[in-house]
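Some notes on the structure that comes next.
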There are 2 protein chains.
Amino acid sequence: MTEPTGRRERKKAQTRQSLADAALKLFLERGYDQVGVKDVADVADVSVTTLFKHFSGKEALVFDQDDDLEAALVAAVRDRTPGQSIPQALREHILLKQTQFAVHATDPRFTDFTRLVQETPALRDYAHRMWTRHEAALTRAIAEAVGAPEDDVSCAALARFALEARSLILRHAEPRQAADEAFALLEHGWAASHPGN
Amino acid sequence: MTEPTGRRERKKAQTRQSLADAALKLFLERGYDQVGVKDVADVADVSVTTLFKHFSGKEALVFDQDDDLEAALVAAVRDRTPGQSIPQALREHILLKQTQFAVHATDPRFTDFTRLVQETPALRDYAHRMWTRHEAALTRAIAEAVGAPEDDVSCAALARFALEARSLILRHAEPRQAADEAFALLEHGWAASHPGN
DNA sequence: TGTGAAAGTTTAGTCGTTGCGCTTATTTAG
DNA sequence: CTAAATAAGCGCAACGACTAAACTTTCACA
């Protein structure tokens with residue numbers, strides 16, 4: 001079970017890993033815009049076309065694909081502890097995801113990586129896109145949780161605002177406090193129109 | 001005063017207009033991605049180099065630059081009618097801007113243009129970027145209006161959420177109703193932490 | 001063992017975008 | 001009125017991200 005794959009898939013995974021490693025290394029050394037996609041391919045010792053068979057674009061090189069991110073988001077709303085409001089559940093979920101990463105804060109590579117992403121427009125935008133990708137799913141989950149129609153505007157607004165709150169929190173030194181302040185707006189506003197959720 | 005410019009500036013404005021017209025025409029006919037920047041330049045009868053001297057990129061071809069958009073946003077907060085809350089003022093401002101455009105709703109070109117922008121990812125993203133460009137300025141304006149520190153998180157959150165609300169409103173058939181529902185969240189939440197603003 | 005799918009390569013190309021050196025037209029100053 | 005300064009516009013060559021096509025190698029599996 002530890003090695004369920006054949007030699008072929010292992011080699012493929014290895015190539016992918018080589019590319020990701022090379023990319024991160026070069027981007028941290030020289031900066032994202034100062035590194036060409038060819039440079040990455042050269043260091044990983046593959047052709048440029050191969051690089052694009054593994055990654056959808058230059059920005060994707062530094063992000064591990066979280067496939068079940070959407071499911072976790074929906075579950076955070078659906079399976080929230082009774083008595084907890086939806087904004088509270090979302091705040092907790094986002095903070096949890098954040099502190100999961102922050103566990104590695106001792107690793108200097110982690111803080112460097114974060115700085116790289118936040119200081120590179122292309123990467124910042126890409127990360128934001130990947131995160132807000134699931135707005136529609138979250139909107140549906142919220143609407144279902146409160147028995148509202150699927151296209152209810154206040155549900156869509158809560159979903160959008162909660163997802164947007166993440167980058168507000170991310171750029172602050174005190175994530176917990178920032179989350180509390182940003183979500184206070186949503187909690188009070190939500191309670192006013194959807195009491196008990 | 002009606003003609004304060006020389007022949008030079010007039011010609012420049014004319015080529016710029018030719019480019020914008022050609023771009024909109026071609027984009028509407030064939031779709032944004034099916035039109036190359038060279039096609040636009042050819043129809044406008046200028047070189048590609050000249051096109052990029054007038055517009056910062058392909059997406060900018062279809063947007064008139066609103067230079068005082070930021071000032072208007074800040075003014076909407078600073079000069080709001082007494083007794084009106086900041087979220088209310090922002091909602092009105094956004095709705096006003098929207099209906100200013102909607103005046104041209106009789107013009108079939110307007111609805112076509114809107115569809116083009118909303119259905120083309122590159123244009124949708126660009127428009128969103130141009131709009132959210134002024135988040136920092138809006139945050140400062142709000143903070144100043146309530147006497148909070150410049151980097152207050154709840155002010156930043158209100159600014160971000162209010163700006164994000166626009167695209168929520170934009171894609172809905174009933175802008176007024178959508179704005180009311182989306183901003184209800186912000187008004188109640190804001191009132192709870194900043195009573196009287 | 002051999003066959004076919006999948007990884008990888010090479011080559012050539014598209015498309016947006018920029019830099020360079022040049023011509024041409026307009027403005028400004030002498 | 002003329003000459004120098006200014007700016008628009010041009011063609012061309014290039015760069016970087018990305019794709020298509022045709023081909024070779026390698027491994028899994030029947």
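Below, each value reflects all heavy atoms present in this structure, side chains not excepted, and no hydrogens, waters or symmetry copies. Residue numbers begin at 1 in each chain, while the letters A, B, ... track the order of the sequences.
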Under 4.0 Å between a side-chain N or O of A:T50 and OP1 or OP2 of C:dG8?
no
For nucleotides 19-26 of chain D, list the nitrogen or oxygen atoms of the protein found under 3.5 Å from its nitrogen or oxygen atoms, one pair per line.
| unit_1 | atom_1 | unit_2 | atom_2 | d |
| --- | --- | --- | --- | --- |
| D:dT26 | O2 | A:R8 | NH2 | 3.4 |

Nonpolar side-chain network containing B:L95, other nodes, edges under 4.5 Å:
none
Under 3.5 Å, which donor-acceptor pairs link side chains of residues 30-39 of chain B to any protein atom two or more places apart or in another chain?
| unit_1 | atom_1 | unit_2 | atom_2 | d |
| --- | --- | --- | --- | --- |
| B:R30 | NH1 | B:D39 | OD2 | 3.4 |
| B:Y32 | OH | B:E59 | N | 3.4 |
| B:K38 | NZ | B:D42 | OD2 | 3.1 |
| B:D39 | OD2 | B:G36 | N | 2.9 |

B:E119: which residues meet the side-chain hydrogen bond (donor to acceptor under 3.5 Å, both in side chains) condition with it, sequence neighbours left out?
none
Selection: residues 12-29 of chain B, any non-hydrogen atom under 4.0 Å of DNA chain C:
none
For A:R129, give me all partners under side-chain hydrogen bond (donor to acceptor under 3.5 Å, both in side chains), at least two apart in sequence or on another chain.
B:D125
Roughly how many Å is it from CD in B:E9 to P in C:dT26, rounded to a whole number?
13 Å
Identify each donor-acceptor pair in which a side-chain atom of residues 139-149 of chain B lies under 3.5 Å from a protein atom, sequence neighbours left out, and give them as a table.
| unit_1 | atom_1 | unit_2 | atom_2 | d |
| --- | --- | --- | --- | --- |
| B:T139 | OG1 | B:E135 | O | 2.8 |

Please, which pairs that meet salt bridge (Lys or Arg N to Asp or Glu O under 4.0 Å) have at least one residue in residues 76-95 of chain B, sequence neighbours excluded?
B:R91-B:D180, B:R91-B:E187
Could you name each residue pair satisfying salt bridge (Lys or Arg N to Asp or Glu O under 4.0 Å) that touches residues 43-55 of chain B, not counting sequence neighbours?
none
Rounding to an integer number of Å, can you tell me how far B:F55 CZ sits from C:dG16 C1'?
16 Å
I need the full list of salt bridge (Lys or Arg N to Asp or Glu O under 4.0 Å) pairs touching residues 16-25 of chain B, with sequence neighbours left out, sorted by first then second residue.
B:K25-B:E29
Name the orientation class of the two ring planes belonging to B:F63 and B:F113 (parallel below 30°, tilted from 30 to 60°, perpendicular beyond 60°).
perpendicular
Looking at B:H54, does any N or O in its side chain come under 4.0 Å of the phosphate oxygens OP1/OP2 on D:dG9?
yes
Contact residues, residues 60-67 of chain B to DNA chain D [heavy atom, < 4.0 Å]
none
Those residues of residues 30-46 of chain A lying under 4.0 Å from DNA chain C by at least one heavy atom:
A:D45, A:V46
Quickly work out the B:R10 CZ to C:dA25 C1' distance and round it to whole Å.
14 Å
Rounded distance in Å - NZ (B:K58) to P (C:dC15)
9 Å
If we only count heavy atoms from C-beta on, is the B:C155 to B:W190 side-chain gap below 4.5 Å?
yes
Only one of A:V62, A:V117, A:T120 passes side-chain contact (heavy atoms from CB on, under 4.5 Å) with A:F27; say which it is.
A:V62
Quiz question: by atom type and distance under 3.5 Å, do the side chains of B:R160 and A:S167 form a donor-acceptor pair?
yes
Tell me if a side-chain donor or acceptor on B:Q17 pairs with a main-chain N or O of B:Q14 at a distance below 3.5 Å.
no
